[in-house]
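Remarks on the structure that follows.
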Amino acid sequence: MSYDFKKVEKKWQEKWEKEGTFNAKNDFSMPKWYGLIEFPYPSGQGLHVGHPRSYTALDIVARKKRLQGYNVLYPIGFDAFGLPAENYAMKNHIHPRITTENNINHFRQQLKSLGFSFDWSREVNTTDPNYYKWTQWIFIQLYKKGLAYKATMPINFCTGCKVGLANEEVVNGVCERCGSPVVQKEKSQWMLKITEYAQRLIDDLKDVDFLDKIKAQQINWIGRSEGAEVEFKLDNVDESLKVYTTRPDTIFGVTYMVIAPEHKLIEKYKDKIENLDEVNEYKRKASLKSDFERSELNKEKTGVEIKGIKVINPLTGEKVPLWISDYVLSTYGTGAIMAVPCHDDRDFEFAKKFNLPIKQVIAPKFLDEKNPPRKDAKDTKRHVTTCIIKHPKEDKFLVLKYKDREWQSLVMGGIEENETVIDAAIREMTEETGYFDVKNSYQINATTCDKFYAAHKEVNREIVQECTVIELNSLDKKDVSEEEENKYEKVWVEKDKLLDYINIESQKFQIDMFLNEKAFTELDGAVAINSDFLNGLSAEEAKKKATEYVKKEGLGEKQVNYKLRDWVFSRQRYWGEPIPMVYCDDCGWNPIDEKELPLVLPEIEDYEPGENGESPLSKKPEWIKTKCPKCGKDARRETDTMPQWAGSSWYFLRYMDPHNNDALASKEALEYWSPIDWYNGGMEHTTLHLLYSRFWHKFLYDIGVVPTKEPYQKRTSHGMILGGNGEKMSKSKGNVINPDDIVEEFGADSFRVYEMFMGPFDQTAPWSMESIRGCSKFLDRVWNLKDKVVEKEEYSPKFESMMHKAIKKVSEDIEEMKFNTAVATFMTMVNEFSKEKEITKGEYKTFLILLNPFAPHMTEELFKEIGEEKDISETSWPTYDEAKTIDDEIEIPIQMNGKLKTTVKVSKDATEDEVKEVVKENETVKQLLKDKTVVKEIYVPGKIFNIVVK
RNA sequence: GCCGAUGUGGCGAAAUUGGCAGACGCACAUGACUCAAAAUCAUGCGGGAAACCUUGUGGGUUCGAGUCCCACCAUCGGCACCA
């Protein structure tokens, strides 16, 4: 009889549901395993094929762990607050609660049809007051510890919908829904101080097992940088400007200062500013720009000099101009910077545009690898200049090709005392080449530092090499000494060949700087120059020394900064958890009494936001009106709600004890189930959800609620499933695959096996209808094997090692997320079984148990077909004997000079001499060795035999 | 620009971590069954007539490199004026 997946899958799903087969046990003495997948947002579109990829993977692990004797918690729930339901309500006047409930029912049915072994008795729903009671409770604890505060922050405001938008809803500066421009609007918002945990969020990553790319992205997002805060005194005013810099080693190179348009200095010293109107106009324009315009549309730098205020460089005493520009962000550091155009790309661009001076204070250091400085030799210094000499008519430059050595070099020579660099350059040029008729000459910021051992003088040389550009007026010449004339050939090289022609590293650098004007930002192997007491120090040492100096002088100190900002926690929306805060004119903000939780979201008729983007709840005066929890006078409730990230920041704790009315979960449950052993989810949640939930967890740890510092011991990410055309699935592209259709056509087992087989779990993979058919065919062959089963519990000699190998391979693959190769192992086994007339019941049973986590319905049914009384879910995971995974006879490849020639068969415990004997007797080897001499023989036991011949 | 990943047959991909490149599947081809097709089963399937050549390109280390090192190219993902 052929396999009727519809009937069988339904049968087992009903049995599992009725019996609660997969519910976690409240037996805290058992070893536990807690697997978690990201609970879905129940959207109107239903389940996406991406969901089952993650759910199947951990379902496989969960099912295996249960068979291995663990008490497994594999829960599911719904993250049901959020925008789509609210938008739908605005349009169709259906309460979000109703749409949400319908969607959840649809999701639940879809998930059950795939046979996941979720513990449905622990299902949570973030919109359930019994759930969000605890979300609100956590918020109040945060408030009590000073981690929740109100601040005025700019939000994205859609001018069309009159509503605050999340960043994700702003696309190219306009509203995702209506296309109206989005502006920044100042709004008083609840904020959470995640920045207080920034360092711990980085440090504690070392204790958890997250994929490296996940750790890297988190660290990146937090964006720690080390530097110094330095005060620059203003000229003629008793005030200083504080800046943050990561390059205190470059303070000598500061040529101007910049403050952000929002910087308060302007308001404070407006009397001093000579061009106040101009400055205010710039400020006004900047404030009109959205963040998007500031960064994307406006790559070209803008700014205005603040005339009348000069800033004093604390290290040089030099007075430098102060500018206002929006390339400096008010929200990072101190909102002001010291500009070092020579060593910062942005400052360089700005200086070029406004013609501000550029001063080099860091130089690259070049070590001659063939002649490294010697410890026993004396250090000497030289000061030289190189000359980039331009042809009067053509776009060519002069290079000296030395006759006595391999140098192809610019004209160069020492700078004498009392001589300027340019004078020295022209003198050297004339001495070496005779040219003297100069049209133009100038020095460029391309000084280098060369260090090497000069053998002819037996000293170490340190050469500071400046770079001068000389444009010739004519090729008129003076006489050159014969010695100079014979030393080298003079070659005019075209501009674009110059870099390749020169063969001295430091000069290559100089030419690169000359041809492509840019900032020199390298730190590695760079040294300070033109920097007084820092001269000669490596950039790293200079950083340290400059910071020490500044600190000693009381001008600043070491400082760590983070890119991470505090979390804007309010939404001017209806469909979210009400923020449980009350404002009283006398007592200010206070949380409601915890006994009053949950603060239930009231019913409303009108979901539209107010004219100025107020929350829809602000139109419900009878709800707003309340008593001050502190003094009892009339007071009003907060009308903003929490963001969707709130409910998902702790849901995994509720699963541990979902029906508890006295705490978010009992101490015992938290102690037993924490931490989550394995959490899998999308890469898109790496920076927000993962960071937010880790932050809340750390806070809960600090106040003694949870027992672990980190919520998730292990975090992995699955790759996205693309449409058949290799593009992201989307309605508009018409490449969306509906899981229901797949289950209908092929059944849940085929669907599950295919999603695991399609490719490496953590990489994106395109959907293929042909391949799923292949998986379906594979399961049919598994089904048909039952007719070959003979009553015998042992493995037959033919299959013994294959069985042990397979148990090992599949067990390991599941732990390492290599589900695709586990499926390949099953397929290979079926191929082998199919070749035989009969297979033993023992072999088939082991095979079915191994396959069960992947294809749970069919394997359970087959277990019954072959007459087993127990369900697979009541049996245990097979074990293997390492010794039996090795074949008695092994094939050894024979290589000659590393190239495969033939193979020989030897016993698994053959000695090296025995193997050698077999190899020597091999006909192919004899033939090949005929006219060759054996130089060497390499035998890697059990692996390979390589003969090196001449 | 910065961070990360990936590059292997016509396609999705394997490769015990330095040891027989292409397991397994798809597609394709041939054969069996069939009046025929589908399904199923069997066989073949990187290139080349061969010696040999083949893991994005070019170097290197090694008896031996898809795997390690250096330089580059391409594609994808994330961040992006963060001083």
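A, B, ... follow the sequence lines: proteins, then strands. Residue 1 opens every chain. Quick note: numbers below take in every heavy atom, side chains included, and nothing from hydrogens, waters or symmetry partners.
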Choosing from B:C20, B:C26, B:C81, which nucleotide comes nearest the side chain of A:Thr903? B:C20
Looking at the side chain of A:Asn220, which of B:C3, B:C41, B:C79 is the nearest nucleotide? B:C3
Among B:C26, B:C81, B:C24, which is the nearest nucleotide to the side chain of A:Phe757? B:C24
Is the ring centre of A:Trp767 less than 6.0 Å from the ring centre of A:Tyr754? yes
For the pair A:Tyr3 and A:Trp783, name the ring-plane relationship: parallel under 30°, tilted 30 to 60°, perpendicular over 60°. tilted
Rounded distance in Å between the P positions of B:U43 and B:C26: 14 Å
Let's see if you can work this out: which of B:C20, B:A83, B:C26 has an atom nearest to the side-chain heavy atoms of A:Tyr244? B:A83
From the options B:A15, B:C24, B:A83, select the nucleotide whose nearest atom is closest to the side chain of A:Thr821. B:A15
Pairing nucleotide - B:C26, Watson-Crick or G-U, each distance under 3.5 Å: B:G10
From CG of A:Asp813 across to C1' of B:C24 the rounded distance in Å is 12 Å
Base-pairing mate for B:G18 - Watson-Crick or G-U, with both contacts under 3.5 Å: none
Remember a base hit wins even if backbone is also touched, and classify A:Arg565 as base, sugar-phosphate or nothing at under 4.0 Å, heavy atoms. base
Phosphate oxygens OP1/OP2 of B:A83: is one of them under 4.0 Å from a side-chain N or O of A:Tyr327? no
Please classify the nucleic acid contact of A:Glu891 as base, sugar-phosphate, or nothing, using heavy-atom distances under 4.0 Å. base
Quantified in whole Å, what is the P atom distance between nucleotide B:U55 and nucleotide B:C11? 16 Å
First encountered from the 5' end of RNA chain B, between A:Ile892 and A:Arg773: A:Ile892
Which whole number of Å gives the distance between the P atom of B:G10 and that of B:G60? 28 Å
Partner of B:C76 by Watson-Crick or G-U wobble geometry, both contacts under 3.5 Å, or none? B:G4
Side-chain atoms of A:Ala824 come closest, of B:A83, B:A23, B:C63, to B:A23
Need the pair for B:U40. Rule: Watson-Crick or G-U wobble, both distances under 3.5 Å, any strand; none if unpaired. B:A32
Upstream residue (5' side of RNA chain B) when A:Ala765 and A:Thr334 are each assigned their closest nucleotide: A:Ala765
Just checking, is any N or O donor in the side chain of A:Arg781 or A:Ser834 under 3.5 Å from an acceptor N or O on the other one? yes
Are a donor atom and an acceptor atom from the side chains of A:Asn516 and A:Asp512 found within less than 3.5 Å of each other? yes
What is the nucleic acid contact for A:Gly774, judged by heavy atoms within less than 4.0 Å: base, sugar-phosphate only, or nothing? sugar-phosphate
Whole angstroms only, please: what is the CD-P distance between A:Glu727 and B:G77? 11 Å
Where does B:U17 land, syn or anti, once you apply the within-90°-of-0 test for syn? syn
Syn/anti state for B:G47 [syn: chi within 90° of 0]: anti
Quote, to the nearest angstrom, the P distance that separates B:A74 from B:U17. 35 Å
So, is A:Lys777 near the phosphate of B:C26, with a side-chain N or O under 4.0 Å from OP1 or OP2? yes
Name the nucleic acid region contacted by A:Val948, choosing base, sugar-phosphate or nothing; use a 4.0 angstrom heavy-atom cut-off, strictly under. sugar-phosphate
Pick the C1' atom in B:G46 and in B:C28, then give their distance to the nearest Å. 14 Å
The side chain of A:Lys899 lies closest to which of these nucleotides: B:C63, B:A83, B:C53? B:C53
Below 30° counts as parallel, above 60° as perpendicular, anything between as tilted: where do the rings of A:Tyr692 and A:Trp567 land? parallel
Reckon A:Arg781 has a side-chain N or O less than 4.0 Å from the OP1 or OP2 of B:C41? yes
NA contact type, A:Lys808, heavy-atom cut-off 4.0 Å: base, sugar-phosphate, or nothing? nothing
Is A:Lys213 side chain donor-acceptor paired with the B:C3 base, going by distance under 3.5 Å alone? no
Look through every strand shown and name the nucleotide pairing with B:G64 as Watson-Crick or G-U wobble, where both distances are under 3.5 Å. none
Test side-chain hydrogen bond (donor to acceptor under 3.5 Å, both in side chains) applied to A:Glu305 and A:Tyr256, step by step: CA-CA 10 Å; A:Glu305 182 177 356; A:Tyr256 65 101; over 6 Å; no
From B:C24, B:A83, B:G19, nucleotide with atom closest to A:Lys943 side chain: B:G19
Are any side-chain N or O atoms of A:Lys215 and backbone N or O atoms of A:Val208, one a donor and one an acceptor, separated by less than 3.5 Å? yes
Which whole number of Å gives the distance between the P atom of B:A36 and that of B:G25? 29 Å
Taking atom types as they are modelled, would you say the side chain of A:Glu770 forms a donor-acceptor pair with the base of B:G25 within the 3.5 Å cutoff? no
Complementary nucleotide for B:C45 - Watson-Crick or wobble, under 3.5 Å: none
When all nucleic acid strands are considered with a 4.0 Å heavy-atom cut-off, which category describes A:Ser225: base, sugar-phosphate, or nothing? sugar-phosphate
So if I take every side-chain heavy atom of A:Thr245 and compare against B:C26, B:A83, B:C63, which nucleotide ends up nearest? B:A83
Do A:Lys835 and A:Glu832 sit within salt-bridge range, that is, some charged N less than 4.0 Å from a carboxylate O? yes
With a 4.0 Å cut-off on heavy atoms, is A:Asp347 in touch with a base, just the backbone sugar-phosphate, or nothing at all? nothing
Determine the Euclidean distance between corresponding C1' atoms of B:G59 and B:A51; express it in Å to zero decimal places. 27 Å
Expressed in whole Å, how much space separates the P atoms belonging to B:G48 and B:U34? 37 Å
Between B:C20, B:C3, B:C24, which one does the side chain of A:Ala216 approach most closely? B:C3
May I ask you to verify whether the side chain of A:Asn946 and the base of B:C63 hold a donor-acceptor pair under 3.5 Å? yes
Say you draw a straight line from CE of A:Met257 to CG of A:Asn313; how long is it, rounded to the nearest 0.5 Å? 8.0 Å
It should be established whether A:Asn831 places a side-chain nitrogen or oxygen under 4.0 Å from OP1 or OP2 of nucleotide B:G25. yes
